Amino acid sequence: MFDGYIFTENSLTNVGENDETIGFEMRTRIPYYRGIPLSMVHDVEVEVDGEAVPRDSIRFTADDGKHWFTLEEMETVTFFRWEYADEATVRVLQDGGLTPGEHEVLLRVSARVAYIPVPFSGEMKRTVTI
């Protein structure tokens, strides 16, 4: 139902710090019709060209990069909300980022929400060119 919002078109880019490419990032929207605290984000999964990205390489922000969290840290973040109208950014730490050329990237976001006994997920796969 929310799959079309999971991976914002034309949002994937390599990202750098201190003149080094440290990884890549993409934008996403929540797979639910209401905002939630970050502690209710059950999981964020990324695959590149069929290979799963290690969970500890993923970072997440829902406030334009002011506060970055690991997925493990997000489990206890109750004071910060990801609102329905706000795009979040998923960053993958990977030395050198994605190599130039075409890549197939899958993004899956799962959330625990009220009245649904299992995590609610959305996913989208895009072919991107770097």
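These numbers were taken from a predicted model, which means no experiment stands behind them.
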Margin query: Under a 3.5 Å threshold, yes or no: a donor from one side chain and an acceptor from the other, between T8 and E87?
Written below: yes
Residue pair [X] / [Y], side-chain heavy-atom distance below 4.5 Å:
X: L107; Y: V44; value: yes
X: V53; Y: V48; value: yes
X: F120; Y: V118; value: no
X: R91; Y: F24; value: no
X: R126; Y: M124; value: yes
X: I30; Y: I36; value: yes
X: N18; Y: E20; value: no
X: E102; Y: T127; value: yes

Checklist line | Test side chain to side chain contact (heavy atoms under 4.5 Å, CB included) applied to E83 - qualifying residues, sequence neighbours left out | finding: R81, D86
What is the distance from atom [atom1] of [X] to atom [atom2] of [Y], rounded to the nearest 0.5 Å?
X: T61; Y: K66; atom1: OG1; atom2: NZ; result: 8.5 Å
X: S39; Y: W82; atom1: OG; atom2: CH2; result: 13.0 Å
X: R27; Y: I6; atom1: CZ; atom2: CD1; result: 13.5 Å
X: E51; Y: L106; atom1: CD; atom2: CG; result: 12.5 Å
X: I22; Y: L93; atom1: CD1; atom2: CG; result: 5.5 Å
X: F69; Y: F60; atom1: CZ; atom2: CZ; result: 9.5 Å

Check: With a 4.0 Å cut-off, would you call K125 and E45 a salt bridge?
Finding: no
Note to self: Between V92 and E25, is the side-chain contact (heavy atoms from CB on, under 4.5 Å) condition met? List the steps.
What the structure shows: CA-CA 6 Å; V92 174; E25 62 186 30; over 6 Å; no
Check: Closest approach of P37 and T78, non-hydrogen atoms and distance?
Finding: CB-O, 3.9 Å
Margin query: Ring of Y84, cation from R34 - is the NZ or CZ under 6.0 Å from the centre and inside 45° of the axis?
Written below: no
Notebook entry, point to check: W68, V41: one ILVMFWY side-chain cluster at the under-4.5 Å cut-off?
Noted result: no
Item checked: Same apolar cluster: F7 and I130, side chain cutoff 4.5 Å -> yes
Next item on the list: Mark yes when over 12 heavy atoms from residues, nucleotides or ligands other than D49 sit less than 6.0 Å from its CG; otherwise mark no.
Entry: yes
